[in-house]
Amino acid sequence: MDYIGESGIGYSIYPKPTDEKTFHMPWPTYISWCGDIDITGNKKPQSYYRDVVWGQSDLEILVHEPKPAGKKEVISAWGWPNELPHWNWDGNEGKEMEVRVVSSYPNVRLELNDKVIGEKAITATDKLTATFLVPYEPGTLRAVAVADGKETVTKELVTSGPVNALKIHAGSDSILADKSEVVYLQINAVDAEGRIVPTADHQIDVVVDGEATLIAAGNANPVLEGSFTDNSFHLFRGSGLVILRSTGVAGEISVPP
């Protein structure tokens with residue numbers, strides 16, 4: 001899991017040819033960024049890859065962000081490519097996106113909006129991965145695992161709509177009236193279908209009513225944006241986290257919209 005300190009040792013950057021090789025990233029980077037899980041408890045891309053490695057999943061899709069023209073990606077020893085498990089790339093219509101399909105099956109097929117992009121075999125030297133170049137258009141990116149000529153498992157990335165609401169998931173519906181008790185609130189921006197909007201970066205203002213106080217509010221961005229004790233923060237990849245502490249007095253706690 002990511003942690004504060006050893007800032008940016010899990011970096012992936014596009015340096016200038018004159019830049020010196022670095023062990024970590026400078027301030028305001030403050031998180032290690034080398035974890036499979038981010039600092040708010042969400043899975044990062046490498047975690048989906050390792051799900052296949054460890055047999056927790058048979059099929060995953062990861063999409064590399066558009067690479068700056070003429071730049072080469074440099075990944076640290078603890079880093080991971082700048083790829084994400086989503087199909088929201090507004091502004092890149094028609095540009096080729098690098099898509100990695102990770103699977104324990106011997107063959108995979110990739111489709112975009114019901115059109116076949118290609119089919120590839122995965123050999124022992126491919127590290128469970130087949131790579132495709134896909135001209136971006138919004139819609140449904142579907143990977144299909146194939147064994148003995150038969151379709152087995154499918155996985156889809158669907159372009160979300162615009163942000164329609166905030167979804168709040170509390171780690172618990174109730175806590176003890178004790179100052180040592182805390183509750184975690186996962187905040188997600190979702191579209192009209194309830195899908196997380198992975199590009200949402202809206203500012204969130206936190207107001208707490210009732211018998212709790214705000215301990216911290218923030219996101220998983222490895223670049224510091226402000227104090228965790230501020231009552232406002234921006235979403236990162238569509239998500240954020242709020243932590244509340246009981247006042248020690250029994251009663252209701254609410255976070256009004």
Side-chain angles (χ1 to χ4, degrees), residues 1-13 24-45 47 65 78-80 82 84 86 88 90 160 162-191 194-257:
M1 186 171 184
D2 282 342
Y3 51 90
I4 296 173
E6 292 192 304
S7 56
I9 62 169
Y11 65 75
S12 173
I13 57 175
H24 59 78
M25 300 303 295
W27 177 265
T29 301
Y30 77 109
I31 287 175
S32 61
W33 202 237
C34 60
D36 284 21
I37 308 297
D38 71 30
I39 203 167
T40 65
N42 289 320
K43 291 164 69 72
K44 289 168 64 184
S47 182
E65 69 174 8
W78 299 273
W80 195 262
N82 276 325
L84 292 164
H86 73 70
N88 277 56
D90 185 42
S160 71
V163 175
N164 179 261
L166 290 179
K167 183 177 181 181
I168 302 177
H169 174 74
S172 175
D173 291 333
S174 63
I175 57 176
L176 296 176
D178 187 302
K179 289 185 178 181
S180 65
E181 289 287 303
V182 300
V183 61
Y184 295 83
L185 305 179
Q186 187 74 42
I187 315 295
N188 292 316
V190 298
D191 67 8
R195 296 174 296 217
I196 293 178
V197 182
T199 55
D201 60 358
H202 298 60
Q203 178 175 311
I204 306 298
D205 298 317
V206 183
V207 178
V208 183
D209 287 341
E211 299 302 334
T213 57
L214 177 68
I215 297 178
N219 62 39
N221 193 338
V223 177
L224 188 66
E225 297 179 344
S227 171
F228 284 144
T229 59
D230 292 342
N231 65 353
S232 66
F233 65 97
H234 285 86
L235 298 177
F236 176 68
R237 297 179 177 175
S239 298
L241 186 70
V242 172
I243 309 174
L244 306 179
R245 182 193 302 277
S246 168
T247 63
V249 178
E252 297 291 323
I253 301 169
S254 66
V255 181

For [X], give me all partners under side chain to side chain donor-acceptor pair (under 3.5 Å), at least two apart in sequence or on another chain.
X: D178; value: S180
X: K43; value: S47, D51
X: T213; value: none
X: E65; value: Y14, N82

- Query: Would a distance-only check, ignoring hydrogens and angles, find a side-chain to backbone donor-acceptor pair under 3.5 Å from S32 to I9?
  - Reply: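 Looks like no, no N/O pair under 3.5 Å.
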| query | Is there a donor-acceptor pair under 3.5 Å between the side chain of Q186 and the backbone N or O of I168? | reply |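 Pair absent, no side-chain N/O of Q186 close to backbone of I168.
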Quick one: are [X] and [Y] in side-chain contact, heavy atoms under 4.5 Å?
X: V255; Y: L185; result: yes
X: S7; Y: W33; result: no
X: I175; Y: L244; result: no

Applied to residues 233-242, the side-chain hydrogen bond (donor to acceptor under 3.5 Å, both in side chains) test, sequence neighbours excluded, yields N188-S239
key: Pairs satisfying side-chain hydrogen bond (donor to acceptor under 3.5 Å, both in side chains), at least one member in residues 246-257, at least two apart   =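 Found E211-T247.
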Side-chain polar contacts of residues 196-207 - donor-acceptor pairs under 3.5 angstrom, sequence neighbours left out - could you list them?
| unit_1 | atom_1 | unit_2 | atom_2 | d |
| --- | --- | --- | --- | --- |
| Q203 | NE2 | D205 | OD1 | 3.0 |

Apply side chain to side chain contact (heavy atoms under 4.5 Å, CB included) to residues S172 and Y184 and explain how you reach the verdict. CA-CA 8 Å; S172 175; Y184 295 83; over 6 Å; no
What pairs of donor and acceptor atoms, side-chain ones from residues 220-230 against any protein atom, are under 3.5 angstrom apart with sequence neighbours left out?
| unit_1 | atom_1 | unit_2 | atom_2 | d |
| --- | --- | --- | --- | --- |
| N221 | OD1 | V223 | N | 3.0 |
| N221 | ND2 | E225 | OE2 | 3.0 |
| E225 | OE1 | N219 | ND2 | 3.0 |
| S227 | OG | T229 | N | 3.1 |
| S227 | OG | T229 | OG1 | 2.7 |
| D230 | OD2 | S227 | N | 3.2 |

Residues 1-10 vs salt bridge (charged side-chain N to carboxylate O under 4.0 Å, His left out), sequence neighbours excluded, gives D2-K44
Where at least one partner belongs to residues 31-42, residue pairs that pass salt bridge (charged side-chain N to carboxylate O under 4.0 Å, His left out), sequence neighbours excluded =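 Residue pairs with at least one partner in residues 31-42: D36-R50.
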Supply the atom-to-atom distance [X] [atom1] to [Y] [atom2], rounded to the nearest 0.5 angstrom.
X: M1; Y: I31; atom1: CE; atom2: CD1; result: 9.5 Å
X: I39; Y: Y3; atom1: CD1; atom2: OH; result: 11.0 Å
X: L241; Y: I187; atom1: CG; atom2: CD1; result: 7.5 Å

Using every non-hydrogen atom in the two residues, find where [X] and [Y] come nearest and quote the distance to one decimal.
X: F233; Y: G240; result: CE1-CA, 3.8 Å
X: V183; Y: G171; result: CG2-N, 4.3 Å
X: T29; Y: M25; result: OG1-CB, 3.8 Å

Just to verify, what does R195 make a salt bridge (Lys or Arg N to Asp or Glu O under 4.0 Å) with, not counting sequence neighbours?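 Applying salt bridge (Lys or Arg N to Asp or Glu O under 4.0 Å) to R195 gives D191.
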